[in-house]
Protein chains: 4
Amino acid sequence: MGPATPVSTEFNILKAGHVELRVTDLERARSFYVDLLGFVETERTADRIYLRCLEDWEHHSLILAKAAAPGLGHIAYRVASEDDLTALHRLATARELPARWLQPGTERGQGQALRIQDPLGFPVEFYHEVERVPRLLQQFHLYRGTHVMRVDHVNLQVPDVEAGAAWYRDALGFACSEYTESEDTPPRLWAIWLHRKQNVHDVALMTGRGPRLHHVGFWLQEPSNVLRAADILAGAGYAASIERGPGRHGISNAMFLYLRDPDGNRVELYTCDYLIPDPDFEPIRWSLNDPRRQTYWGHAAPASWFDEAALVATFDGEGYVPIQEPIMADRPSHVGH
Amino acid sequence: MGPATPVSTEFNILKAGHVELRVTDLERARSFYVDLLGFVETERTADRIYLRCLEDWEHHSLILAKAAAPGLGHIAYRVASEDDLTALHRLATARELPARWLQPGTERGQGQALRIQDPLGFPVEFYHEVERVPRLLQQFHLYRGTHVMRVDHVNLQVPDVEAGAAWYRDALGFACSEYTESEDTPPRLWAIWLHRKQNVHDVALMTGRGPRLHHVGFWLQEPSNVLRAADILAGAGYAASIERGPGRHGISNAMFLYLRDPDGNRVELYTCDYLIPDPDFEPIRWSLNDPRRQTYWGHAAPASWFDEAALVATFDGEGYVPIQEPIMADRPSHVGH
Amino acid sequence: MGPATPVSTEFNILKAGHVELRVTDLERARSFYVDLLGFVETERTADRIYLRCLEDWEHHSLILAKAAAPGLGHIAYRVASEDDLTALHRLATARELPARWLQPGTERGQGQALRIQDPLGFPVEFYHEVERVPRLLQQFHLYRGTHVMRVDHVNLQVPDVEAGAAWYRDALGFACSEYTESEDTPPRLWAIWLHRKQNVHDVALMTGRGPRLHHVGFWLQEPSNVLRAADILAGAGYAASIERGPGRHGISNAMFLYLRDPDGNRVELYTCDYLIPDPDFEPIRWSLNDPRRQTYWGHAAPASWFDEAALVATFDGEGYVPIQEPIMADRPSHVGH
Amino acid sequence: MGPATPVSTEFNILKAGHVELRVTDLERARSFYVDLLGFVETERTADRIYLRCLEDWEHHSLILAKAAAPGLGHIAYRVASEDDLTALHRLATARELPARWLQPGTERGQGQALRIQDPLGFPVEFYHEVERVPRLLQQFHLYRGTHVMRVDHVNLQVPDVEAGAAWYRDALGFACSEYTESEDTPPRLWAIWLHRKQNVHDVALMTGRGPRLHHVGFWLQEPSNVLRAADILAGAGYAASIERGPGRHGISNAMFLYLRDPDGNRVELYTCDYLIPDPDFEPIRWSLNDPRRQTYWGHAAPASWFDEAALVATFDGEGYVPIQEPIMADRPSHVGH
């Protein structure tokens, strides 16, 4: 791994902006995300609930979409201008990727957007224009649940991380903060954390059956909120929704808790990673079988954490992208099947 | 100051049990205590709201009573048995203190109780039998506001602390944990922290115009809840209700925040004092003018904190006990008038 | 289970006072307890290091004793007076328990003490007189490591909990706060939490191979210190010393972390349980197989947590008390062997 | 105020990188910054101590320089490349600002750097090349004091904020996150928070006698560290070093504590502001006399906080830049002189 790749100058992707999760029961999902976790409802339609976090000034950072089966509707990245959308459309065309324009309002609170199926197989949206809504950051009396501040990142399970990283780094201009290599000779890239905004990641890619959305991560303000999240879920009878943690990641240094929503979609609550204002930040290398990599305190992740992930919608939204087997082992040697 | 006085064996006072505060507008008070601070409503009648905290299994630890003017309705201490009430009645009679029995249910959720006007001039209730209600300690999803755990103590402003301390120590069997002396020669007792349960205090006496209730203190689980309390109040437009703090007391070591409810009654949110399982704990002496005494970090309390306090109801409940001037200075030399 | 047993009036046990752990390498143990966990060294001799916590005013609350093998040297309870020692000696004699007097200074910083072998097989010391040393509670700049405040409790693994509980409740006057029953018909007592000071326990008894010391628990001031403990250990290369947690107990409500010292002795870091000022507190019943009992968030304890515990010294100190098998299953059905 | 100014493409300033503070007694200053606050010493020379924070991989983020009088030695901003230095040198020449090149190693651990006297009168250094040192972020066992993570910002007191803002925004490409206006008609810019990295600020300008360094801000990981800082200072006898706070800023939303080092230089400990990944973030307007602006909880800052600040070294380093009076009132109407 060399230093972080210089940023493309053709377009400027700002950050992971929102995620659309498919759920089979909107009310049940709303209870989980709003009543327990403390997301704020901005707007709802017959088949969608648009949620935001306490630091957000955008209309939404999470969409719950009614569907026959759970899974990922789409991932969205915000870009710096409308011109960036045009440049990204050129890129998609040049790469012969499925692409279409969404008219303003197709997604509530959002202007014109570009939807593509990326080379990894994921439905990805790029947008710039978005409706500004009141930010609740200092409305402390309205904080509920786990005090979710903002969307932080998505984690994608893919059969070939090196191929996926090429797209994100070389075509989209993401920089690497940390990465995991196998213990092969020579080592092979097993997972990578990539960012556009100035913290550890907007997107991570990990080796596994895919394409699947492993999880979407939301940022909390401090570790005590992570503990509070576990307490709230257990108190409300949702202890079975706690899949892993609370713990401290070796990678990213973050305090974390992994949850499964009532449809099985995985959410990470995440805090205390670090700032990366320098493009020449030297990426941190981890070995796949270093037990401190996943949980610095040495706890092994459960097998379900490797086995299970969300299918991703096809470009037409009518089905799910077929799964392929990974090109190398999908977990450390100390985690069972 | 010698070591803590041995406990009387005639009766066994367990703890400060609850306080009745008079408020002029029940709904406004309920908003403050329930919606902002997070107290739980157990029951309400036409003129009273009975509140409890998250660790409580008793029916109530705070009563809001509708009245024409704010002030203290009564303080209540719980005793270990009904026989203790009889013994306390004997004591009141021997001391020629006003005393009467309250029949079960006179106060909702409470059995027979003894009400006296104590030698300091305060309306004090002793009770044993109380209705048990569901404890919400592990219903973490129901926690609201500042996560108030239990009533901790009352602080009483009296003209003559030595006289008041004699009643509490010698007649009622309270032990001293910490005390403040003037810089006179010889030093005079300026304030005293007295306890029956095993932490720093159930009651504190401080020199000042009195008898007045200076504040009632409620226990939070950790310092982050103290910060959260200040945030919630400021967010809701109640910044003016924050009178002092957040800070760290020298005395008691507690993290604190002093609030004024919409009627001006003073409440302390309090955490991180220490445990005193040993009756021979050596009381800690402080000098009145030591700036670390009140706030260990050196901040001076505002003059209002010394000037203002709640009048206390007369024994018939019809009026307020007249105020007398203190027998010595009512504040440190570094605090103005 | 009925309500808490009334306290004996013949003697007054105040609290769990200290524990002597045997370690094979004093320097290595000192690194663990002082450099990492933040205990304070009061005094050391050729074969013992006397440690205390930040809230302590007693000479020591933990003794590390050099020995050929790890294990429990003794448990010590503090009593309210010298007369209580005499009364306890009478009790030991009446029960024909091995008992002897330790002369003042036999244990550094301690006056005359009574050592017995209790009916459960444990070496137990009772003491009153102890050297007072400077309390570091407000010397915040001297806090190190995990900010250990005080010893909280011991947890004892015994073959027959009901028999052990009879001794502690009926002979020594401990009260029950919480207990665990098997799912037999009728249910059988599987574990019990017993206290003299006013929180959840000074001693817990749990069913298992014994007599063995399962762990000694130390009190931290807030949950962030529990997380910090895990970070410190992992940072220093001691991740393997973290056996279980951080987590939230159902029983006791405490946040916890279980550690194994370099000799394998088990230590619990513990905070956020609750206060019990009322002798009629109604003991809380748990079912052995309720997954929230051990960790409210649903995590199962590792098998090692049930399998492994410290042998206890014989009365002459020359050997270890032989182990007996438990009279019923030693773990919940969801924990493997 | 319009939206944030687009970033200059001629050079790329990354962040506030370090600050050199002048102190009259190096050992006394080291005790304050290293022993109490927990900075890490990277290197020292006869007249300088180079310190870094726990998240730093750069050689230093704070320099203590021995001098006859306290004050600011220089502020340093890191740029993305050596070419940026050349472009900045062109800018300085075009503006006829004093400028000189510092050879590699002139400042320990640093490559070639550009030093200028900026139009506001401050000695400012730009650098790119810097020695990489071990980052201690996950060496949790080495954390001391208040767990200082990184330098966050400088706050500069200047007579004419609008003029200063023009330099930072228009010439250097900083973006505005928040600002304060007077209550004049039309309102005048009283203070401004400007950033290059993606949080609230790298530099703030406030109206007052100047040019003076008001304070340098360091980032902590969570609010409990702010409380711990106050405790540590008070415990060590440095309560008088606590000038203001702990509190919550309205502007920036940060939890803060302002300290004065033994020479009177002011340091802010700072945490819990927010992320700004979007260049079109809409700057937040505050009114000078809004009491929640400075401390959201309503506390007024002390007069010293407006009156006192550090003189700044002249370009030749031999003296201090003369002070000029501000062009408007230097404090809110509710703060006295």
Side-chain angles (χ1 to χ4, degrees), chain B residues 36 146 220-260 269-274 286 289-305 332 334 336, chain D residues 36 146 220-260 269-274 286 289-305 332 334 336:
Chain B
L36 295 181
T146 65
L220 308 185
Q221 212 162 40
E222 45 173 315
S224 65
N225 296 133
V226 175
L227 302 180
R228 174 105 177 98
D231 280 342
I232 287 173
L233 288 162
Y238 282 75
S241 298
I242 303 173
E243 185 183 31
R244 182 180 160 208
R248 165 82 72 185
H249 284 310
I251 289 183
S252 83
N253 197 50
M255 287 288 310
F256 68 86
L257 184 72
Y258 288 98
L259 306 176
R260 305 296 289 273
L269 303 179
Y270 175 98
T271 188
C272 278
D273 63 348
Y274 52 89
W286 294 86
N289 293 324
D290 180 346
R292 301 175 310 162
R293 189 188 71 90
Q294 284 206 303
T295 304
Y296 199 63
W297 305 334
H299 305 57
S304 67
W305 195 85
H334 54 270
Chain D
L36 294 181
T146 66
L220 308 185
Q221 213 162 38
E222 45 173 314
S224 65
N225 297 133
V226 175
L227 302 180
R228 173 107 176 95
D231 281 341
I232 287 173
L233 288 162
Y238 282 75
S241 298
I242 303 173
E243 185 184 31
R244 182 180 159 207
R248 165 82 72 183
H249 283 310
I251 288 182
S252 83
N253 197 51
M255 288 288 310
F256 67 86
L257 184 72
Y258 288 99
L259 307 176
R260 304 296 290 273
L269 304 178
Y270 176 98
T271 188
C272 280
D273 63 349
Y274 53 90
W286 294 86
N289 292 325
D290 181 346
R292 301 175 309 162
R293 189 187 70 92
Q294 284 206 304
T295 303
Y296 199 63
W297 305 333
H299 305 58
S304 68
W305 196 85
H334 55 269

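Fair warning: this is a prediction, and the values are worked out from it, not measured in the lab. In what follows, chains are A, B, ... by sequence order, proteins preceding strands, each numbered from 1.
For B:Gln221 and B:Thr271, the side-chain atoms include no donor-acceptor pair closer than 3.5 Å.
Counting heavy-atom pairs under 4.5 Å between each of D:Arg248, D:Glu222, D:Met255 and chain B puts D:Arg248 at the top. In terms of non-hydrogen atom pairs under 4.5 Å with chain D, the most contact-rich of B:Pro246, B:Ser224, B:Pro223 is B:Pro246. When D:Leu227, D:Asp231, D:Thr295, D:Val226 are compared by the number of non-hydrogen pairs under 4.5 Å with chain B, D:Asp231 comes out ahead.
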Going through the checks in order, is the side-chain contact (heavy atoms from CB on, under 4.5 Å) test met by D:Tyr238 and D:Leu36?
CA-CA 9 Å; D:Tyr238 282 75; D:Leu36 294 181; 3.5 Å; yes
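Within the cation-pi definition used here (under 6.0 Å to the ring centroid, within 45° of the axis), D:Arg244 qualifies as a partner of D:Trp305.
In this structure, chain D has a heavy atom under 4.5 Å from the side chain of B:Ile242, while its backbone stays farther away.
Ring pair B:His249/B:Tyr270 is tilted by interplanar angle, where 30° to 60° counts as tilted.
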